[in-house]
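Shown next, in structure tokens, is the structure this report addresses.
Everything numeric here is computed off the predicted structure, so don't read it as measured data.
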Amino acid sequence: MGITEKISEIEREISRTQKNKATEYHLGLLKAKLAKYRAQLLEPSKAGGKGEGFDVMKSGDARVALIGFPSVGKSTFLSLMTSTASEAASYEFTTLTCIPGVIEYKGANIQLLDLPGIIEGAAQGKGRGRQVIAVARTADVVIMMLDATKGEVQRSLLEKELESVGIRLNMAKPNIYFKPKKGGGLSYNSTVPLTHCSEKLVQLILHEYKIFNAEVLFREDSTPDEFIDVIVGNRVYMPCLYVYNKVDQISIEEVDRLARRPNSVVISCGMKLNLDYLLETLWEYLALICIYTKKRGERPDFNDAIIMRRAASVEHVCHRIHRTLVGQFKYALVWGTSTKYSPQRVGLTHIMEHEDVIQIVKK
């Protein structure tokens, strides 16, 4: 029996089993087995070579993965947003390799990857699913492109697909401390009352992974699924923006409903509607900031921003300018919203904010 058959067998068993107090251990075990088999599926086979066109060099200040079903308008979106012409056609599966484009926005270069239309079963390695997913895992933000006329079905299918390969959208990492040990059995504690996981269930799940000695501390009321994520440890937690395209083809009430959903933006590539708002939202999700430098006695250079992540310190900026700068650093002068007065003299630990200006004084 192949791994894929085992997976579908377990999935069937889970959907057949009623959820109640009596079956919680059984379900917990099944979920642990399922996660284990899925992890095996995702390990790339050693013999097979890499698919061409998929190992895209990471470039620019951030990377955004664009995923969605075939013909939802991804390629049109890519050619509107970037200077890359992706081949668009009304039939499905035009994009077969990964096409990188660059969005230039607020002085930042954001790499946008148009990933081939993910089809159901990509997690089982159908289509070129596995490579697509490997690239999606390296992104900073996922844009899920949906057809507003059939949005909900597509959305739940794609979410399920990504979840089965360890990508968690708009979720925080479970607050569980877990450390395997050499001996001493299981030490199990929690700082909050638990309603989903009991000590027995935790033990059963750990045994499924052949872990008999470990420290486990729950700092929140987590589910068995979240606990399994922590054991497996290769989960990626990333922000996702749901973009509903083709809103010119649905009623205004429906547009309003979709636009009010959390993490959602409505656009129309055909009529070029709302694209600027989408860029603005994407910028927020990427948590990028622009920092300008100035030399002593000169005006700041507003044409050449240094793009950093939110919560970057003066030390991070120094590393970005030149790796030896921190060693020669005396202090910095900063103008902008991160200071109480301008300029303020600051040290290496000062946290920069968007559009601050910095002048570095060496020893």
Side-chain angles (χ1 to χ4, degrees), residues 55-66 77-84 98-115 135-143 170 236-241 243 263 265 275-296 298-329 331-339 342-344 346-362:
D55 261 15
V56 183
M57 272 289 291
K58 205 163 184 172
S59 71
D61 303 295
R63 172 180 258 192
V64 175
L66 180 61
F77 176 72
L78 192 80
S79 36
L80 282 176
M81 288 294 189
T82 67
S83 47
T84 313
C98 178
I99 302 173
V102 175
I103 301 176
E104 288 167 12
Y105 187 64
K106 291 192 182 179
N109 288 333
I110 301 166
Q111 188 182 37
L112 183 66
L113 300 179
D114 177 14
L115 298 179
V135 175
R137 286 173 73 102
T138 63
D140 301 303
V141 168
V142 172
I143 288 186
N170 297 329
V236 187
Y237 297 86
M238 55 171 71
C240 170
L241 200 51
V243 177
N263 312 310
V265 177
L275 297 175
D276 44 353
Y277 174 69
L278 171 58
L279 277 180
E280 222 168 284
T281 315
L282 181 60
W283 177 266
E284 280 304 305
Y285 273 60
L286 286 167
L288 296 175
I289 55 173
C290 303
I291 292 163
Y292 303 105
T293 54
K294 87 180 262 319
K295 293 189 173 127
R296 193 171 164 186
E298 291 180 20
R299 291 179 67 78
D301 181 2
F302 288 121
N303 294 326
D304 190 18
I306 296 176
I307 306 293
M308 305 291 291
R309 284 292 147 104
R310 209 175 288 154
S313 65
V314 171
E315 187 171 355
H316 292 127
V317 178
C318 291
H319 280 303
R320 179 63 77 83
I321 297 170
H322 199 273
R323 61 177 193 280
T324 60
L325 198 52
V326 174
Q328 309 164 333
F329 180 87
Y331 63 89
L333 293 172
V334 175
W335 291 255
T337 50
S338 69
T339 58
S342 291
Q344 185 177 331
V346 299
L348 285 172
T349 53
H350 177 77
I351 301 297
M352 305 291 287
E353 285 182 12
H354 185 46
E355 295 190 332
D356 277 358
V357 173
I358 186 170
Q359 176 188 328
I360 291 167
V361 180
K362 296 189 200 171

Test log, rule side-chain contact (heavy atoms from CB on, under 4.5 Å), inputs Ile307 and Cys290: CA-CA 5 Å; Ile307 306 293; Cys290 303; 3.7 Å; yes
Quick one: does Leu278's side chain get under 4.5 Å of Leu241's, heavy atoms only? yes
Are Asp140 and Arg309 packed together at the side-chain level, in the sense that at least one heavy-atom pair is separated by less than 4.5 angstrom? yes
The side chain to side chain donor-acceptor pair (under 3.5 Å) partners of Asn263 (sequence neighbours excluded) come to Tyr285
Donor-acceptor contacts, no H, no angles, side chain residues 322-329, under 3.5 Å, sequence neighbours left out:
residue, atom, partner, partner atom, Å
His322, ND1, Thr324, N, 3.2
His322, ND1, Thr324, OG1, 2.8

Residue list, side chain to side chain contact (heavy atoms under 4.5 Å, CB included) with His350, at least two apart or on another chain: Val314, Val334, Ser338, Thr339, Val346, Met352
Only counting residues at least two apart or in another chain, list the ones meeting side chain to side chain contact (heavy atoms under 4.5 Å, CB included) with Val236. Arg137, Met238
To the nearest 0.5 Å, atom CG of Leu66 lies from atom CG of Leu112 at 5.0 Å
Only counting residues at least two apart or in another chain, list the ones meeting side chain to side chain contact (heavy atoms under 4.5 Å, CB included) with Phe302. Tyr292, Pro300, Val357
Pairwise side-chain contact, Leu279 with Met81, heavy-atom cut-off 4.5 Å (strictly under): yes
Minimum heavy-atom distance between Leu288 and Ala108, given as atom pair plus value: CD1-CB, 4.5 Å
Enter the distance from Trp283:CH2 to Ile289:CD1 here, rounded to the nearest 0.5 Å. 9.0 Å
Donor-acceptor contact below 3.5 Å, side chain His316 vs main chain Ser313: yes
As an exercise, state the distance from CE of Met308 to NE2 of His319, rounded to the nearest 0.5 Å. 9.5 Å
Which heavy atom of Cys240 sits nearest a heavy atom of Asn170, and at what distance? N-OD1, 2.7 Å
To the nearest 0.5 Å, what is the distance between CD on Gln359 and OH on Tyr331? 7.5 Å
Distance col, row Ile291:CD1 vs Ile358:CD1, nearest 0.5 angstrom, shows 7.0 Å
Heavy atoms only: give me the nearest Gly336-Ser342 pair and the separation to one decimal. N-OG, 3.4 Å
When you measure from the side chain of Asp61 to the backbone of Asn109, do you find a donor-acceptor pair of N or O atoms at a distance under 3.5 Å? yes
Full working for side-chain contact (heavy atoms from CB on, under 4.5 Å) between Arg310 and Glu284: CA-CA 10 Å; Arg310 209 175 288 154; Glu284 280 304 305; 3.5 Å; yes
With distance as the sole test, does Asp301 use its side chain to make a donor-acceptor pair with the main-chain N or O of Thr293 at under 3.5 Å? no
First locate atom CD1 of Ile103, then atom CG of Leu286, and finally report the distance between them rounded to the nearest 0.5 Å. 8.5 Å
Who are the side chain to side chain contact (heavy atoms under 4.5 Å, CB included) partners of Glu280, not counting sequence neighbours? Tyr105
